[in-house]
Each structure stands twice: as C-alpha cells, then as structure tokens.
Amino acid sequence: MLTLHVAEHSPEAAVLIDGASVVAVGPYEELTAAAPRARVRRWPGILLPGLLNPYAPELLEATYHPDPREADALGTEPITGERAREIFRADPARLGASARRGVQRMLAHGTVAVAGELRSRAVADVVRRAGLAVGRRPDRLPGPPALSPRPLILLPPPAPQAPARFAVFDVATRAELVERGADTCVATVIEGRLVYRAR
C-alpha cells in the first residue's frame, strides 16, 4: 500500500513509500497528484532523515532500562555505572529485556541507526530485530552518552528505492531541533513501519 508522509513545516520534503521502500521524495502537492490514492499521514513539525546514535554499547549494554513494573524499587530512569553492572551480574538474562526497552527509548528520539561495537549477542539481536541500521561510529564522540546526543547526527535524506527510514520532529526548523533536542520526536519510521508514534 502506498503511504504519503508529510509534515506541517516541511511540505516540500514529503515521502511516498510502498511497503519498506521509498517511492519518491518531493513537494506534497506533486506527490499527492502522482499518487492520489495513497494513504496520507500528516504530522506536525518537520520530516527529516532519522538520527544515528553512536552510543549503542553505552546505552544498550552498559545501561539498565527498568521495567515499568520495577518502578517502585528502581525508578523509571535509565541506570548506569556500577549499579547497572550489579543488576546484570545478578541476572544476566535481564540484559536482553533491558536492551529492548532501551531501543524503544531510542525510537522515541528519532533514532533509526546506531553505531558502536556490540559485544552481547542478545543486544545485537534486539538491534537487528528492531530494524535499526548499523553505521560507522565517529572517530571522536562529543559525549556523554545520551538518547539525544549533542551534536545530533542526521542520516542522508530519504531517496527513491532506498529503505523507508526517517523521523518526524515537532519543531518548526532544524535549528529548533538542535536547540530542543530529539525528545521532540513524534514519529519514527523504519522499513516503512511506524515503529514509534507520540501519544
């Protein structure tokens, strides 16, 4: 099924997708005229290539993302450092489940690709099943590891025949995105699937 994604402040960069692939990128008026039967998804903000987060090992292997059912004991925020290591030593099976929750947090920040060597097979499997692309880690990292790292690393723009992979941020401009960060994400698409949508 053809789906046309368009954002309020970037109608010139609408994306028409068919299944997992991009069919065309261009002004909304041109694409809707070319594919009048396409389902239209309208978003606030701007549609951009998704983000690459270079901190996959730090965020998925060295950070514990608590289950909501553990909120009373562990809180809801990611746990790092020695406390995270203690949790994984006590129960190594928690690593995979934590990584799944960590990936969900990444998707909620417009992340469509990660970088960094993953040593855990369980974590690598989580990344693969989520459809996240794996990119090259920059030689210098600004640090510290974060779901909305500074500076933000945008992937190349969507292109015809390429995998349908992008994100939408509820901001008016790229400058506002840089200022406010990736937690302004309202939608993330990977391989044509809407994998995150803000409530």
Side-chain angles (χ1 to χ4, degrees), residues 20 47-68 70 74-159 162-169 174 177-178 180-198:
L47 188 153
L48 293 172
L51 302 175
L52 180 144
N53 191 308
Y55 297 106
E58 292 84 355
L59 294 175
L60 299 179
E61 293 181 328
T63 300
Y64 183 69
H65 299 271
D67 187 300
E70 300 174 310
L74 298 176
T76 58
E77 293 302 309
I79 298 170
T80 59
E82 184 56 33
R83 192 178 182 203
R85 290 189 286 273
E86 288 175 359
I87 291 171
F88 293 137
R89 278 197 298 266
D91 185 359
R94 295 172 99 170
L95 180 58
S98 170
R100 285 191 293 274
R101 294 187 291 271
V103 163
Q104 288 302 313
R105 288 181 180 225
M106 286 182 157
L107 297 176
H109 286 75
T111 297
V112 299
V114 296
E117 182 183 358
L118 295 172
R119 300 177 181 275
S120 163
R121 181 174 179 179
V123 174
D125 285 345
V126 168
V127 168
R128 177 182 52 79
R129 287 195 297 269
L132 289 166
V134 178
R136 180 179 175 275
R137 189 165 184 161
D139 293 332
R140 296 182 62 185
L141 296 174
L147 292 166
S148 181
R150 301 293 181 108
L152 299 174
I153 303 173
L154 284 171
L155 294 181
R165 184 179 291 124
F166 51 87
V168 184
F169 300 89
R174 290 192 181 204
L177 172 61
V178 170
R180 295 178 54 193
D183 57 357
T184 55
C185 179
V186 293
T188 303
V189 173
I190 291 181
E191 295 178 356
R193 296 177 293 117
L194 185 61
V195 295
Y196 170 74
R197 181 175 186 170

Restricting to non-hydrogen atoms, name the atom on A115 and the atom on P57 that form the minimum distance, rounded to 0.1 Å. O-CD, 3.6 Å
Nearest-0.5 Å distance that lies between atom CG in L107 and atom CZ in R197: 15.5 Å
State, yes or no, whether a side-chain contact exists between L51 and L154 at a heavy-atom distance under 4.5 Å. yes
N53 side chain to I153 backbone, donor-acceptor under 3.5 Å: no
Could you check whether any side-chain N or O of T188 sits under 3.5 Å from a backbone N or O of Y196, counting only pairs where one atom can act as donor and the other as acceptor? no
More than 12 non-hydrogen atoms from neighbouring residues, nucleotides or ligands closer than 6.0 Å to CZ on R101, yes or no? yes
How many angstroms lie between OG1 in T111 and CG in L152, if you round to the nearest 0.5 Å? 9.0 Å
How many angstroms lie between OG1 in T76 and CG in D67, if you round to the nearest 0.5 Å? 11.5 Å
What is the minimum heavy-atom distance between V195 and Q104, and which atoms define it? O-OE1, 4.4 Å
Please say whether more than 12 non-hydrogen atoms of neighbouring residues, nucleotides or ligands are located less than 6.0 Å from CZ in R119. no
State, to 0.1 Å, how close P66 and G75 come at their nearest heavy-atom pair, and which atoms those are. CB-O, 3.5 Å
Donor-acceptor pair, H65 side chain versus L59 backbone, under 3.5 Å? yes
Any chance you could measure E191, atom CD, to L132, atom CG, to the nearest 0.5 Å? 9.5 Å
Over all heavy atoms of both residues, which pair between S148 and A182 is shortest? Give the atoms and the distance, please. OG-N, 2.8 Å
Identified side chain to side chain donor-acceptor pair (under 3.5 Å) counterpart of Y64 within the set R85, E86, E70: E70
Looking at V103 and A130, what are the two nearest heavy atoms and their distance? CG1-CB, 3.7 Å
Rounding to 0.5 Å, atoms NE2 (H109) and CG (D183) come to a distance of 5.0 Å
For the pair E61 (side chain) and V123 (backbone), establish whether a donor and an acceptor sit closer than 3.5 Å, ignoring hydrogens and angles. no
Distance-minimising heavy-atom pair for T184 and L177: OG1-CD1, 3.6 Å
Mind checking whether F169 and C185 have side chains closer than 4.5 Å, heavy atoms only? yes
Compare all side-chain heavy atoms of I87 with those of I79 and state whether any distance is below 4.5 angstrom. yes
Check whether more than 12 heavy atoms from other residues, nucleotides or ligands sit under 6.0 Å from atom CZ of R89, and answer yes or no. yes
Out of curiosity, R129 CZ to R100 CZ, how far, rounded to the nearest 0.5 Å? 6.5 Å
Under 4.0 Å between a Lys/Arg side-chain N and an Asp/Glu carboxylate O for E77 and R83? no
